[in-house]
Amino acid sequence: MMRNAGAAILVVAGGVVLQLTLFGEFQNYVKAGHRPWLLAVGAGMVLLGIAGLVHEIRNAGVSKAAAGSRAVVRTHGPFRTELSIDDAQHSDEAHDHARVPGVAWLLCVPVFLVLLVPPPALGAFTAGRSGATVPQPSTANFDALPQGDPVQLQVHDYAERAVWDRGRTLTGRTVVLTGFVTPKQEGGWYLTRVRISCCAADSKSYLIEALGTSRDYPANTWLHVTGRFAPSTTSDPHLATARLDVVNVLPIEQPEAPYEQ
């Protein structure tokens, strides 16, 4: 593998970071607030890679110029001998352990795969394996909802209020939630949303059981759902599932920011 391969990989990797960030696909992996940092990192990688390529190209030109010289290199010691510059260079190349095997070019494959076939945001596959219980929130204090119906809520907010506040602030209110479909094994579906603090690695899934609707939707179908609070079937919040009496369902396209924060 040529010595400038590392610089070339750096340019490609930086270009992938910039492409994902500029076109918004980075939000499948991290929160939107990371955009400025990713732009800076991607640009820095590209610039460093270009600088490395220029440096190696200049060094290659100097090496070729020196190869034309027949100056003699004298070694010392009991086995001293004389070598021409050409002989010394061939000897160095034969023992150049800085070179990397050509198979290392395979490191570029994941980079190109992310560029050409970017992985989607976490969806029903992940949520279906996390279970329908609601993660315990950091606070047990839930403020009253704004006046006027219907009120737009995040899925994780509704789920926490429904289970950990027993629906106290939801009773008698109509809410609108946006999420994707996670099918239930026994039939029916959950309205789902994934929440992140920093990136997809720290994600938590929030599932709300949809009641009062007989229509099934394919997994990962995005929906606007209007409905009213329905109590859980158990009083233990560690085992309870958030539920919603559905009034209206409207299929939509996936939002630009698929995760809640």
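In this chain, numbering begins with 1 at the start of the sequence shown. Keep in mind it's a predicted model, so treat the numbers as computed, not measured.
- Criterion: ILVMFWY side-chain heavy atoms under 4.5 Å apart, direct or through other members. Under it, I252 and Y259 are part of a common hydrophobic cluster.
- Taken from CG in L22 to CG in L38, the straight-line distance is 10.0 Å, to the nearest 0.5 Å.
- The heavy-atom pair separating P237 from V163 by the smallest distance is O-CG1, 3.4 Å.
- By the 4.5 Å heavy-atom criterion applied to side chains, L207 and S130 are counted as neighbours.
- With rounding to the nearest 0.5 angstrom, the CZ atom of F142 is 7.5 Å from the CG atom of D157.
- Using a 4.5 Å heavy-atom threshold, the side chains of N28 and Q254 count as touching.
- Both L244 and W189 are assigned to one and the same hydrophobic cluster, defined by single-linkage of ILVMFWY side chains at heavy-atom distances under 4.5 Å.
- Under the 4.5 Å side-chain criterion, counting only non-hydrogen atoms from C-beta, Y190 is in contact with K184.
- In this structure, CD in Q27 is found 8.0 Å from CD in Q261, a value given to the nearest 0.5 Å.
- Considering only heavy atoms from C-beta on, T174 comes within 4.5 Å of T226 through its side chain.
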Run H238 and T133 through side chain to side chain contact (heavy atoms under 4.5 Å, CB included) and show every step you take. CA-CA 7 Å; H238 295 90; T133 56; over 6 Å; no
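- Within 6.0 Å of atom CD in E186, more than 12 heavy atoms from other residues, nucleotides or ligands are found, so the atom counts as buried in its surroundings.
- For D202 (side chain) and S197 (main-chain N/O), a donor-acceptor pair under 3.5 Å exists by modelled atom type.
- The two residues V194 and F180 come nearest to each other via the heavy atoms CG2-CZ, 4.0 Å.
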Let me see the working for D143 and T169 under side chain to side chain contact (heavy atoms under 4.5 Å, CB included), right down to the final yes or no. CA-CA 8 Å; D143 297 332; T169 58; over 6 Å; no
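- A donor-acceptor pair is defined here as one N or O able to donate and one able to accept, closer than 3.5 Å; no such pair exists between the side chain of R129 and the backbone of A124.
- From T178, atom OG1 reaches atom CG of L191 across 8.0 Å, with rounding to the nearest 0.5 Å.
- With contacts defined as side-chain heavy-atom distances shorter than 4.5 Å, the pair E209/S232 does not qualify.
- When all heavy atoms are compared, the tightest approach of L211 to A230 is CD1-CB, 3.8 Å.
- Once rounded to the nearest 0.5 Å, the distance linking OH of Y217 with OG1 of T182 reads 14.5 Å.
- For the pair L170 and L145, the minimum side-chain heavy-atom distance is below 4.5 Å.
- Here the options are H156, K204, R195, Q154, the test is side chain to side chain donor-acceptor pair (under 3.5 Å), and the partner is E260; only H156 passes.
- Transitive grouping of hydrophobic side chains (ILVMFWY, heavy atoms separated by less than 4.5 Å) brings V175 and W164 into a common cluster.
- Across T234 and A240, no two heavy atoms sit closer than the pair CG2-CA, 3.4 Å.
- Proximity of T233 to R243: side-chain heavy atoms (C-beta onward) are separated by under 4.5 Å at one or more points.
- Hydrophobic clustering of Ile, Leu, Val, Met, Phe, Trp and Tyr side chains at less than 4.5 Å, counting indirect connections, keeps V176 apart from V247.
- Scanning both residues, V246 and A210, for their nearest heavy atoms gives CG2-CB, 3.8 Å.
- Using a 4.5 Å cut-off between side-chain heavy atoms of Ile, Leu, Val, Met, Phe, Trp and Tyr, with links allowed through other members, Y158 and V151 fall into the same hydrophobic cluster.
- A pairwise comparison of heavy atoms in F26 and K31 identifies CE1-O, 3.6 Å as the closest pair.
- Here the OG1 atom belonging to T21 is positioned 13.5 Å from the CH2 atom belonging to W37, to the nearest 0.5 angstrom.
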